[in-house]
Amino acid sequence: MPLSAAASAREILTGLHEIMAGRGSAQSKLDKVVDLIADAMESEVCSIYLLRDNKLELYATHGLRKEAVHVTRLGMGEGLVGTIAAEGRILNLAEAADHPAFAYRPETGEESFHSFAGVPIVRLESPIGVLAVQHVEPRRYEEVEIEALQTVAMVLSEMIAAARLVDGARRGRIRSSGPLRLSGLKLVSGMAKGEAVFHQPRVIVEHTVADDVEAERDRVYSAFRKMREQIDAMTKDAEFGTAGEHQEILETYKMFAYDEGWSRRINEAIDSGLTAEAAIERVQQRTRARMQDIDDPLLKDRMHDLEDLSNRLLRIVSGRFGTAAQTGLARDTVLIARNLGPAELLEYDRRRLKAVVLEEGSLTAHMTIVARAMGVPVVGRIPDIRHSVEESEQILVDGDNGSVIIRPSRALLSGFEHRLATRQKKRAEFEAVRNLPAVTLDGVPVSVMVNAGLAEDAANLDPSGADGIGLFRTEFQFLVSATLPGRERQQRLYTKVLAAAGDKPVIFRTVDIGGDKALPYLTDIRDEAENPSMGWRALRLSLDRSTLMKAQARALIEACGGKTLRVMFPMISEPWEFDEARALFEEQVAWARKGHRKLPSRIDFGAMLEVPALAEVLDQLLPKIDFLSIGTNDLTQFLFAADRGDPRLAERYDWLSPAILRFLRRVSTQAREAGVPVRVCGEMGGRPLEAMALIGIGIEQFSITPAAVGPLKAMVRSLDSGKIRIRMEQLLDRPPANMRKTLGEWARRHKVATD
Ligand code: PEP
Ligand code: MG
């Protein structure tokens, strides 16, 4: 098989092209194709298996017994051929029978052939068949031979689709047309229905064989140039930082965009006779196949970047630009994507975007944080979603239990609507209490503020009935930007937020970058250690990168000219960190004064308690601060040594455990004794039963997710704070076996609205 040059592959493609253009039935064409490939590759056997009725059927062969054609059929995952199709992988075996999946089929007469190489025939990322070669002599195939097989498989997929030889080949997928229920990971709760819209409309590679290799080379060359220009333009958009920092921006994308190896491989595929589109797709298929055996999540992320870039290149070369956001949404939409960036999500019309379903996604991904803030339900980790649904088909999303129903039957739809109505009724009840005061039955006022981070959040402040923004996560702006937002961009956002909040207070938290909130343009964060949430993040990073912190301080000081600036620092572990952060702000006040800028009328400095160690030195910290905010999301993960983003641990440690409640009681008592206001701003405070327990240990200020304002107020208005305080004292002195159950029963008995 001396196929060592692109020229030989090109010969095969020319032959294939002639066969495809010639007369005859599809079957006779496939018979000619296997002869052609066997001949060109000096291979004793060449066979094509196609997917029919979910079985891989031997459709044409050169070298195996002809009686086996249309007789030998293998299930997905069965034998070598079934493994290739099911896993979308390439097999290259010197001794086929040694492979654990090998399934001997006597009718084929294949026992005399030792070596085996097979590649999937893929249409729109779904397998529709397998192309295999076999040899008597036991040997592994060379890389160029495998690549030639892949090139041929690519062209075959076009021919097969055109001839409609396999089920669903036009669409490139095999699926039923009935209702389908799929389960994934619950990322953002909520229920919604709508029509499926693909975030990235697919580019279907229609023509695979090039008429003019030079012309294809030119096309890919100019597409690369355009893509590089786009990436460079994004880089130039950076407004912030010293000269050195500019170079870090968008480093990964740039690295791939200028990667010589990648463009060389695409050019080689064009040399073998493929069109520019087919060449890009073929190289991407090869990368995907190679990545299958790699477990490293970091490397997988990088491959995701490359996949994005490859799709971008494909869209440029085929002239099909834009995501569904740019085309606009016509109806209630359930957005389908492999994965999505936070900025991409924000481009969608929020009135039409009802839910998102992803093949990937994780609880702590930036896009999940943003979707939660937008109130858009998200279900992730449904690996086959893009191949299971067609554009415009109806899809029901249940973010509360992480499932979707595609093409629902009438019965399924009405069941879903019934649950949706119950949910909405409940919400309407909460709506009614949203604007009522949060005062307990015994007259204790409770402060209910909201957590926010997007410019749009501020606009929702009033209808949410909140007392202000208790935690403005400033890093959201950084997460949704392609480049580091400079001082002016930050200031514009803060001004907008303050204006929208009117008289209500806004507490800005300085950036909590790092940990799970890594930024692509700050590479030294990206390369962080194995345990990022305990790593170089939040204030630790801000103090080291004081240019960044100074710019933020100036933006906040200027935005709050003439008003009170309320600012707090995340992840403080020791009091000196607070001192340094405060000093940095005060230096910037001096700078503003010198520049005759309008200064804030006053500045309140707060500390976040998220690191348990800080609780041991509160006596030193409390005299220095104006307020304390307890970030229970981080605090509890550190108390229990349980990663907050790991779904396997999500149910394991309870926020209502005596350990957490005793810890918080101690902190709240100490703060109260020192006369320092204390607020809980983690997710815990947004859950009515948890909030009831918190009131029981003396917490009377909350900052919660906006959707929880109604439920929290309903709870507060039905609670006697004196009674819960007495009960919590008893329960924390002698904790019951199940605190949640005990508190739930207490709430029911005392008619506290905690459901
Ligand atoms: C927390 O840790 O509880 C908190 C409010 O901060 P974040 O969720 O942004 O880490
Ligand atoms: Mg935190």
Side-chain angles (χ1 to χ4, degrees), residues 187-188 342 362-373 448-454 457 466 468-480 506-519 525 528 531-542 552 566-573 577-578 581 606-615 627-646 649-650 653 655 660-661 663-664 667-668 678-687 690-691 694 699 701-708 712:
L187 294 179
V188 179
S362 77
L363 273 168
T364 52
H366 313 149
M367 117 78 214
T368 310
I369 298 173
V370 173
R372 194 171 296 130
V448 181
M449 297 174 98
V450 284
N451 296 344
L454 301 171
D457 287 337
I469 297 180
L471 162 64
F472 190 84
R473 291 180 164 107
T474 57
E475 67 276 6
F476 272 20
Q477 186 186 24
F478 288 65
L479 293 178
V480 301
V506 179
I507 300 174
F508 292 97
R509 174 177 76 182
T510 58
V511 287
D512 180 0
I513 295 172
D516 63 300
K517 299 175 207 162
L519 303 178
I525 300 174
E528 249 308 307
N531 217 336
S533 54
M534 295 190 188
W536 189 55
R537 61 174 276 207
L539 192 62
R540 301 164 178 186
L541 179 151
S542 300
Q552 180 163 43
R566 296 174 177 87
V567 61
M568 62 182 180
F569 308 116
M571 287 283 289
I572 296 179
S573 313
E577 291 168 320
F578 174 83
M608 281 193 78
L609 190 133
E610 299 173 280
V611 179
L614 192 64
F627 60 93
L628 185 71
S629 194
I630 308 178
T632 49
N633 302 341
D634 275 313
L635 179 67
T636 55
Q637 79 164 340
F638 297 135
L639 275 177
F640 273 111
D643 186 342
R644 68 192 257 190
D646 190 333
L649 301 179
Y653 302 102
W655 276 326
I660 291 175
L661 292 172
F663 187 97
L664 294 177
V667 172
S668 102
V678 58
R679 169 177 293 109
V680 164
C681 67
E683 298 297 311
M684 176 181 179
R687 299 201 184 185
E690 277 82 342
L694 290 171
I699 305 275
Q701 299 191 18
F702 294 85
S703 187
I704 57 177
T705 185
L712 183 65

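Remember, it's 1-based here, ligands and their atoms both numbered in the order they're listed.
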(request) Measure the shortest side-chain to side-chain distance between Glu577 and Val611 over non-hydrogen atoms and say whether it is less than 4.5 angstrom. (result) no
(request) Within a distance under 4.0 Å of any heavy atom of Asp512, pick out the atoms of ligand 1 and give their elements. (result) 10 (O)
(message) Looking only at N, O or S atoms in Asp634, which is nearest to the Mg ion (ligand 2)?
(response) OD2
(message) Under 2.8 Å from the Mg ion (ligand 2) - does any N, O or S atom of Glu610 fall there?
(response) yes
(request) Heavy-atom distances under 4.0 Å are what count here, so tell me which part of Glu683 touches ligand 1: side chain, backbone, both or neither. (result) neither
(message) With side-chain contact (heavy atoms from CB on, under 4.5 Å) as the test, pick out the partner of Asp634 among Met608, Met534, Glu610.
(response) Glu610
(message) If the cut-off is 4.0 Å to any non-hydrogen atom of Leu471, which atoms of ligand 1 fall inside it?
(response) 5 (C)
(request) Return the minimal non-hydrogen interatomic distance between Ala581 and Leu539, and the atom names on each side. (result) CB-CD1, 3.9 Å
(request) Using only heavy-atom distances, determine whether the side chains of Thr705 and Asn451 contain a donor-acceptor pair under 3.5 Å. (result) no
(request) Report yes if the side chains of Val511 and Gln477 come closer than 4.5 Å at any heavy-atom pair, otherwise no. (result) no
(request) With heavy atoms of Gly682 as the reference, note each atom of ligand 1 found under 4.0 Å away. (result) 3 (O)
(request) Look at the rings of Phe472 and Phe508 and say which category their plane angle falls in: under 30° parallel, 30 to 60° tilted, over 60° perpendicular. (result) perpendicular
(request) Could you tell me if any non-hydrogen atom of Met684 lies under 4.0 Å from any atom of ligand 1? (result) no
